[in-house]
Amino acid sequence: MNFLEERILKDGVVKEGNVLKVDSFLNHQMDIDLINEMGKEWKRRFADKNINKILTIEASGIGIACIAAQHFGVPVVFAKKAKSINIDGEVYIAEVKSFTHKKVNQVILSKRFLSSADHVLLIDDFLANGDALQGLISICNEAGATVEGIGIAIEKGFQIGGTVIRNFGYDLESLAIVEGMNHETGEVFFREQK
């Protein structure tokens, strides 16, 4: 069992509807030491990749991506869920369905920050159905950027996202893969990883 799995067992809360709350350490209140360990682990797993940018989606992926970026020595760019007056010029747009919020968002990224010269590591906190990642991948494809890898904190292995993304041929590294949860007992079951 790895450090993230141990923390999920200690502080994660299983809710009805296949919801795993990790808001006490990952995506509301953030344990920076834990996230720093995650960044180190992604750097180890993607050490052979030529990464010059990390891309994530607002909001929960931003903190994780920023800490990871320190280990790669690269900038972070994030797709926004709403266009604001601060975004000027041409943009990439993708539609993304949120598993947690049960709605479709348009995510927007200024074309100034992603181009065919970029070799990108995608980072996010959760992978369920894979819609957010597919949106980010489509933005990378539109920009001509190369997706070198995908780092996920927690993958719900019992949902289709991981299988879909891996079947597309992407190097997907999830630090914890949840195979099942029981909201009545609070149990979480992990997939064995190498």
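All values reported here derive from a predicted model rather than from experimental measurement. Only this structure's heavy atoms are used, side chains among them; waters, hydrogens and symmetry mates stay out.
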_Distance in Å, D11 CG paired with Q29 CD, rounded so as to fall on 0.5 Å steps_ = 9.5 Å
*Which atom pair, heavy atoms only, marks the closest approach of G135 to V96?*
CA-CG2, 3.9 Å
*Between S138 and A94, what is the shortest heavy-atom contact and its length?*
OG-CB, 3.5 Å
*Any link between I137 and I160 through a network of hydrophobic side chains (Ile, Leu, Val, Met, Phe, Trp, Tyr) touching at under 4.5 Å?*
yes
*Give a yes or no on whether a salt bridge exists between R45 and D171, defined as a side-chain N under 4.0 angstrom from a carboxylate O.*
no
*Report yes if the side chains of I8 and F25 come closer than 4.5 Å at any heavy-atom pair, otherwise no.*
yes
*Using the side-chain contact (heavy atoms from CB on, under 4.5 Å) rule, take C140 and T146 through it: C-alpha gap first, then chi angles, then the decisive distance, then the call.*
CA-CA 7 Å; C140 288; T146 303; over 6 Å; no
*For V120, does its backbone N or O pair with a side-chain atom of D118 as donor and acceptor, under 3.5 Å?*
no
*For R166 and E155, what are the C-alpha separation, side-chain angles and deciding distance, and is it a salt bridge (Lys or Arg N to Asp or Glu O under 4.0 Å)?*
CA-CA 12 Å; R166 287 181 182 94; E155 176 182 337; 2.9 Å; yes
Which donor-acceptor pairs under 3.5 Å do the side chains of residues 59-77 make with protein atoms, sequence neighbours left out?
from	atom 1	to	atom 2	distance (Å)
H71	NE2	N36	O	3.3
H71	NE2	N36	OD1	2.7

*With side-chain contact (heavy atoms from CB on, under 4.5 Å) as the test, would you mind laying out the steps for D125 and I152 before giving the verdict?*
CA-CA 6 Å; D125 61 339; I152 298 295; over 6 Å; no
_Is there a path of hydrophobic side-chain contacts, each under 4.5 Å between heavy atoms of I/L/V/M/F/W/Y residues, joining F189 to V19?_
no
*Nearest 0.5 Å please: distance from the CG atom of L121 over to the CH2 atom of W42.*
8.0 Å
*hydrophobic_cluster_shared for L55 and F168, side chain cutoff 4.5 Å*: yes
*Rounded to the nearest 0.5 Å, how far apart are CD of E5 and CG of N2?*
4.0 Å
*Are side-chain heavy atoms of V22 and I154 found at a separation under 4.5 Å?*
yes
*Would a 4.5 Å heavy-atom cut-off, applied to side chains only, mark F46 and I51 as touching?*
yes
_Would the distance check show the side chain of T56 and the main-chain N or O of I123 forming a donor-acceptor pair, the cut-off being under 3.5 Å?_
yes
_Pair V164-Q134, side-chain contact (heavy atoms from CB on, under 4.5 Å): steps then yes or no_ = CA-CA 9 Å; V164 169; Q134 289 183 65; 3.8 Å; yes
*Kindly compute the distance separating CD (E16) from CG (N18), expressed to the nearest 0.5 Å.*
9.5 Å
*Does L9 share a hydrophobic cluster with L26, counting links as ILVMFWY side-chain heavy atoms below 4.5 Å and allowing steps through other members?*
yes
_Gap between atom CD of E173 and atom NZ of K49 - 0.5 Å precision_ = 9.0 Å
_Salt bridge or not between E58 and K81? Use side-chain N to carboxylate O under 4.0 Å._
no
*asked:* Does any part of the side chain of E41, heavy atoms only, come nearer than 4.5 Å to the side chain of R44, both counted from C-beta?
replied: yes
*I93 vs V107 side-chain heavy atoms within contact, under 4.5 Å*: no
*Inter-residue atom distance L122.CG - I54.CD1, 0.5 Å rounding*: 9.5 Å
*Could you tell me whether the side chain of L109 reaches within less than 4.5 Å of the side chain of F78, counting heavy atoms only?*
no
_Main chain of K156, side chain of Q159: is a donor-acceptor contact present, judged purely on distance under 3.5 Å?_
no
*Assess whether atom NZ of K111 is packed by more than 12 heavy atoms of other residues, nucleotides or ligands within 6.0 Å.*
yes
_Are I165 and I150 packed together at the side-chain level, in the sense that at least one heavy-atom pair is separated by less than 4.5 angstrom?_
yes
*In terms of side-chain geometry, is the basic nitrogen of K53 or E148 positioned less than 4.0 Å from the acidic oxygen of its partner?*
no
*Minimum heavy-atom distance between H28 and D23, given as atom pair plus value*: CB-O, 3.3 Å
_If hydrophobic clusters are built by linking Ile, Leu, Val, Met, Phe, Trp and Tyr wherever their side-chain heavy atoms come under 4.5 Å apart, do M30 and F3 end up in the same one?_
yes
*Quick one: closest heavy-atom pair of A153 and L4, and the distance?*
O-CD2, 3.3 Å
Donor-acceptor contacts, no H, no angles, side chain residues 175-184, under 3.5 Å, sequence neighbours left out:
from	atom 1	to	atom 2	distance (Å)
E179	OE2	R191	NE	2.5
E179	OE2	R191	NH2	3.3
N182	OD1	E184	N	2.8
N182	OD1	T185	N	3.2

*asked:* Less than 4.5 Å apart, side chain to side chain, heavy atoms only: is that true for I57 and L136?
replied: yes
